[in-house]
Amino acid sequence: MDFRKGPKSPGRTRFFTVCAILALALAFLFYIAVSGGSAEVERETFAMGTLVKVSVYGRGEASLTSAAEAALAEISRLEELFSVNIAGSDISRINADPAKPGGHEVSAETYELLRLALSEAEATGGAFDPTIGALVSFWGIGTEKARIPSAADNDDIADMQSVVGWSKVSLREASAEGGEERTVYFVSAGAGQALDLGGVAKGYAADRVAAILRARGVKSALVDIGGNLVAIGRSPKRREWRLGFQDPFRPRGNYFASVSVSDATIVTSGAYERFVRKNGVLYHHILDPETGYPAMSDLESVSIVMEHTGSRHNSARSDALSTALFVMGFERAVKFLEGHGEVQAVLVSRREDGPAVYVTDGLKQRVAVQEDVFPKAKEVGR
Ligand code: AMP
Ligand code: MG
C-alpha cells in the first residue's frame, strides 16, 4: 500500500505528535542552554564604610537570591570583627589595651587577616603597615571629623608616627584548655599602637564572599566592595568579564581603561577616593608610615590585578599591595613590580607633561587604554 496516499493511521498520528513534543522539548532545552535560563540577582548595601554590590548570575532565582544574601551577611559579620568603629570588635578590643600581657583572644579570621597584613607589611618594606591606626583616626579623612592639622599638631603627628611599626605586633596560637580540640588565637601590639585594617579588610571580605558563592555553586558573579572587585567565572554573556579601571580625574563610574578577565580580582587605590582640600592642598586617606602625613605620591592610582590561581587571599593581598604601591610612588612601585612577576598592575602617574599609564607585561595584551580619556597619556613600562 502506498501509505503516502492512504488514510492517516492513529499510530502515525501518535508518532508525529510524540516527535513534535520531543522537538519542542529539545528546542526548549537548547534555549535554556544558550540563554542560561538566566536569572540575575543584585544586592546592594553600605558596609565597611563603603558601597557594596553583589551581582550573581545563573539559573534558579531562589538559590541566587540566597547566595547574594549570604554574601552580604558575611560582609557584615566580618565588619563586626575588623572595624575600628565598632566597640567590642576584635580590633577595637586590641586597640583599647594593645600591649596586654598574653594578648587578646581573637577570631580565627582576625588572626588570619592580621597574619596576612603583617606579611604584606614586611614584603612592602612597611609601606603598608596595619599599625598606622592612631594616625588614621587622627586625620579622620573620609569621616565627618577630617582634620587639617595646624603647625601645633606636628609634634603629635611625630609622636604617633614614632609608634608605628608592624614588627611589634605578635600573634600566638594555642590549644584550647579543657580537653577541647580547638585552637585559640591571641594578638598583642606595641604600647601606644593602634591597628587599622582599612587597607586590606575589603579585599579579605571580597575573597570570603567569592569563596561562599563558589561553594554554593555560583558560576558567574561580580562582587564589588567599594571598588575592590572579584569576578567569578565568566560574565552572564559567557564571555570574559570586561572591567573598567576608574579614571582618577573623573567621578566614580568613569573609566580610563578596561581589562578582560575571568576569575580574577581587581583592586584600586587612589588619593581621589577620600580626601579634603584646603588652601590648594589635598589631604587624602593613604598615609605614609614614614612621615605620618598623607603620602606625597606621584601616583594618581594603583590597580592590582590577580587571577584566581588557587590562593584564597588574592583580593586581600591585592588590597594591601594597592595601598602600599601608592605610598611607594612610581619609581619604588615599578621596582617592586619588577621583583614580583606574579603581581600585575596598572599605574597612573602624574608627570610634568601629563598623566602616564604604566601596564605590567602580563596585562599588556588584555588592557585597553582609552586614548580619548588620556589624550596625552604616555604608556610607559616594561
Ligand atoms: P585603600 O583604600 O585600600 O587604599 O586603603 C586606605 C585605608 O587604609 C585608609 O582609609 C586607612 O584606613 C588605611 N591606611 C592608610 N594608609 C595606610 C598604610 N600606609 N598602610 C596600611 N593601611 C593604611
Ligand atoms: Mg588597599
Side-chain angles (χ1 to χ4, degrees), residues 48-52 79 82-85 89 91-92 95 113-114 116-143 145-147 157 160-161 163-167 169 189 193-207 224-230 246 248 252 265-276 283-297 299-306 313-329 332-333 336 343 345 347:
M48 296 192 153
T50 193
L51 190 66
V52 173
E79 185 176 17
F82 306 149
S83 174
V84 290
N85 301 315
S89 75
I91 298 302
S92 293
N95 289 350
L113 177 54
L114 271 168
L116 184 132
L118 295 176
S119 135
E120 295 309 321
E122 181 169 20
T124 60
F128 176 85
D129 193 321
T131 64
I132 200 148
L135 286 159
V136 173
S137 66
F138 168 84
W139 285 93
I141 312 269
T143 72
K145 291 179 274 167
R147 177 149 24 185
I157 293 172
M160 285 182 270
Q161 188 279 328
V163 297
V164 173
W166 58 269
S167 63
V169 178
Q193 284 190 327
L195 303 180
D196 182 292
L197 295 175
V200 68
K202 295 194 286 290
Y204 182 89
D207 283 327
D224 179 353
I225 306 185
N228 281 243
L229 298 181
V230 173
Q246 171 66 39
R252 203 170 269 284
T265 183
I266 302 179
V267 181
T268 299
S269 284
Y272 63 86
E273 287 177 333
R274 292 178 191 188
F275 63 87
V276 279
Y283 297 90
H284 61 79
H285 70 310
I286 305 178
L287 307 177
D288 185 341
E290 282 185 11
T291 64
Y293 285 79
M296 301 277 283
S297 181
L299 290 170
E300 293 290 346
S301 77
V302 174
S303 299
I304 306 287
V305 180
M306 277 194 209
H313 293 311
N314 275 352
S315 196
R317 224 187 132 214
S318 302
D319 196 358
L321 289 178
S322 66
T323 308
L325 266 59
F326 185 90
V327 171
M328 289 179 192
R332 266 178 76 198
F336 181 92
V343 181
L347 312 178

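These values consider heavy atoms only, across backbone and side chains, with no hydrogens, waters or symmetry-generated copies. Order of listing sets the numbers, starting from 1, for every ligand and every atom in it.
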Can any side-chain N or O of [X] pair as donor or acceptor with the backbone N or O of [Y] at less than 3.5 Å?
X: Thr323; Y: Asp319; result: yes
X: Asp196; Y: Pro130; result: no
X: Ser303; Y: Ala345; result: no
X: Glu120; Y: Arg317; result: no

Practice prompt. Hey, can you tell me if His313 and Tyr204 have their rings parallel, tilted or perpendicular (30° and 60° cut-offs)?
Written response: parallel
Worksheet item: Should Ala121 be listed as contacting ligand 1, given a heavy-atom distance under 4.0 Å as the test?
Response: no
Discussion item. Measuring from non-hydrogen atoms of Pro289 to any atom of ligand 1, is the shortest distance under 4.0 Å?
Written reply: yes
Which residue owns the protein heavy atom closest to [atom], what's the atom, and how far is it?
atom: atom 4 (O) of ligand 1; value: Ser269 OG, 2.6 Å
atom: atom 16 (N) of ligand 1; value: Leu287 N, 3.0 Å
atom: atom 20 (N) of ligand 1; value: Asp129 N, 3.0 Å
atom: atom 1 (P) of ligand 1; value: Thr323 OG1, 3.3 Å
atom: atom 10 (O) of ligand 1; value: His285 CD2, 3.4 Å
atom: atom 5 (O) of ligand 1; value: Gly199 CA, 3.3 Å
atom: atom 23 (C) of ligand 1; value: Ile132 CG2, 3.8 Å

Worksheet item: Which atoms form the tightest heavy-atom contact between Ile91 and Phe82, and what is the distance?
Response: CG1-O, 3.4 Å
Worksheet, complete the sentence: Between Leu229 and Ser315 the two heavy atoms that sit nearest each other are O-OG, 4.3 Å
Worksheet entry | Close aromatic pair by centroid cut-off 6.0 Å: Phe128 and Trp166 | no
Worksheet item: Strictly under 6.0 Å, is that where the ring centroids of Phe326 and His284 end up?
Response: yes
Mark up the atoms of ligand 1 that fall under 4.0 Å of a heavy atom belonging to [X], in ascending order.
X: Ile286; value: 4 (O), 15 (C), 16 (N)
X: Asp196; value: 11 (C), 12 (O), 13 (C)
X: Ala127; value: 18 (C), 19 (N), 20 (N)
X: Gly198; value: 5 (O), 7 (C), 8 (O), 12 (O)

Fill in: N/O/S from Gly199 sitting under 2.8 Å away from the Mg ion (ligand 2)
yes
Worksheet item: Would you say Ser322 reaches the Mg ion (ligand 2) with an N/O/S atom under 2.8 Å?
Response: no
Worksheet item: ligand 1 versus Ala320, non-hydrogen atoms closer than 4.0 Å: side chain, backbone, both, neither?
Response: neither
Discussion item. Please report whether ligand 1 has a polar contact with Phe128, defined as an N or O pair separated by less than 3.5 Å (distance criterion only).
Written reply: no
Discussion item. Below the 3.5 angstrom mark, is there an N/O of Asp288, backbone or side chain, next to an N/O of ligand 1?
Written reply: no
Worksheet entry | Candidate pair Val164 and Gln193, rule side chain to side chain contact (heavy atoms under 4.5 Å, CB included), full reasoning | CA-CA 7 Å; Val164 173; Gln193 284 190 327; 5.7 Å; no
Worksheet item: Which atom, among the N/O/S set of Asp319, is closest to the Mg ion (ligand 2)?
Response: OD1
Fill in: Spacing of Thr265 atom OG1 and Ile304 atom CD1 [to the nearest 0.5 Å]
10.0 Å
Worksheet item: Under 4.5 Å between any side-chain heavy atoms of Met328 and Thr124, yes or no?
Response: yes
